[in-house]
Participant: 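Encoded as structure tokens, here's the structure I'll be asking about.
Both counts, for ligands and for their atoms, begin at 1 and track the order of listing. In this chain, residues are counted from 1 in sequence order.
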Amino acid sequence: MVELRDARNRPLRDLRISVTDRCNMRCRYCMPREVFGTNFPYLSRADVLTFEEIDRLVGLFRSLGVEKIRLSGGEPLLRKDLHELISMLALHGLELAMTTNGVLLPRYAPALSAAGLDRVTVSLDAIDEATFAAITDSGHTVAAVLAGIEAAESVGLGPIKINTVVKRGVNESELLDLVERFSSRDIATRFIEYMDVGTTNGWDLQDVVTAQEIRELLGSLEPVPPTHQGEVAKRYQLPQGGEVGLITSVTEPFCGDCNRARLSADGHLYTCLFASQGLDLLTPLRNGSTDEELLELIKSCWLNREDRYSELRAESSPSISRVEMSYIGG
Ligand code: SAM
Ligand code: SF4
Ligand code: SF4
């Protein structure tokens, strides 16, 4: 196995794969309906990586040091026969996780678990149905997400984590309810600072509830040391037992340890969530490139990587074009 280090001496450990750019929700902060309507130019089926292509790339990334795969999207459970991809990827001996909005888990969790998925993170921004409806703008309910979490729990897709994006004036009042609901069940909630991913969500720094504000809202928290380098969330023990995490990319950036690469549904490699351009791997894959040629492309991309967008944002206010979260995966 090759130990790759980028230009800032960061290894490549974590690969997030978007399996579709489509979604059954229209979260305001991610895929606002006025932009992502029926006329939005979603990727055509022919432009999306096949399971065989994803599997081949995962094998190559594995040989470069990747230890963990996270499937994302869009909504990954909209990808037909996803369990077949999971059973292919399970043969690589990597940790296999997925981030989902959860509503399709009651239907698919048993097959996903049987195929070799290790665990899921479920996104849920509110317990109150009206607040949830206003955020997700899709007709889906909190009850459906909770049923999805139960389904995942019942087939052992744990430890489950909950992702909650916190937006000012929208769901700060939900945080304690979320913590109360999940901490007693050994499910950690991770509160995410609302980020300026993409260019369609009208992001404004004023809308970010800072990690410090979230800590104050939650009361006395005991920091838990990270289990590995590059851990995304800062973890805390709650006084009543259980854990919460804070993902502080806006106010306390953590680029120095960032070991994550992202593969878009159409086979472009992004070395930062806030990148404006990715490396096209789809074309060489389909033009008959050998594994060695593909490896060379990936290696030189990582070796030249200098990304530290969140640190730069904290220092100034960079204004550049950025890919959308639904395309690149969270
Ligand atoms: N559809 C799946 C879901 O929602 O879990 C997977 C894809 S979604 C893009 C992955 C994660 O990104 C979700 O937890 C979502 O809440 C988060 N996310 C999306 N837009 C965000 C933003 N502007 N700031 C912070 N997190 C965001
Ligand atoms: Fe869909 Fe997930 Fe984005 Fe919400 S956050 S719109 S569920 S991709
Ligand atoms: Fe990694 Fe880019 Fe996020 Fe920094 S801004 S932590 S480099 S993805």
Participant: On a heavy-atom basis, I'd like to know which of C255, S249, G230 is closest to atom 4 (Fe) of ligand 3.
Facilitator: C255
Participant: Could you establish whether G73 and ligand 2 come within less than 4.0 Å of each other, counting only heavy atoms on the residue side?
Facilitator: no
Participant: Out of D307, I247, V232, indicate the one that has the non-hydrogen atom closest to atom 7 (S) of ligand 3.
Facilitator: D307
Participant: What's within reach of atom 4 (Fe) of ligand 2, meaning protein N/O/S atoms under 2.8 Å?
Facilitator: C27 SG
Participant: As a check for students: among G74, S123, S18, identify the option with a heavy atom nearest to atom 1 (N) of ligand 1.
Facilitator: G74
Participant: Once you measure the plane-to-plane angle for F274 and Y309, does it fall in the parallel (<30°), tilted (30-60°) or perpendicular (>60°) bin?
Facilitator: parallel
Participant: Name the closest protein heavy atom to atom 8 (S) of ligand 3, giving the residue it belongs to and the distance to 0.1 Å.
Facilitator: L273 N, 3.3 Å
Participant: From C258, does some N, O or S atom reach closer than 2.8 Å to atom 1 (Fe) of ligand 3?
Facilitator: yes
Participant: For S289 and E293, indicate whether the former's side chain and the latter's backbone hold a donor-acceptor pair under 3.5 Å.
Facilitator: no
Participant: How would you list, by chain and number, every residue that makes a side-chain hydrogen bond (donor to acceptor under 3.5 Å, both in side chains) with E95, sequence neighbours excluded?
Facilitator: R119
Participant: Please confirm whether R262 approaches ligand 3 to less than 4.0 Å, judged on its heavy atoms.
Facilitator: yes
Participant: Would you tell me whether T121 and N163 have side-chain atoms, one donor and one acceptor, within less than 3.5 Å of each other?
Facilitator: no
Participant: With a 4.0 Å heavy-atom cut-off (strictly under), which part of E311 contacts ligand 3: side chain, backbone, both or neither?
Facilitator: neither
Participant: Regarding atom 3 (Fe) of ligand 3: of the candidates Y309, F274, Y270, which has the closest heavy atom?
Facilitator: F274
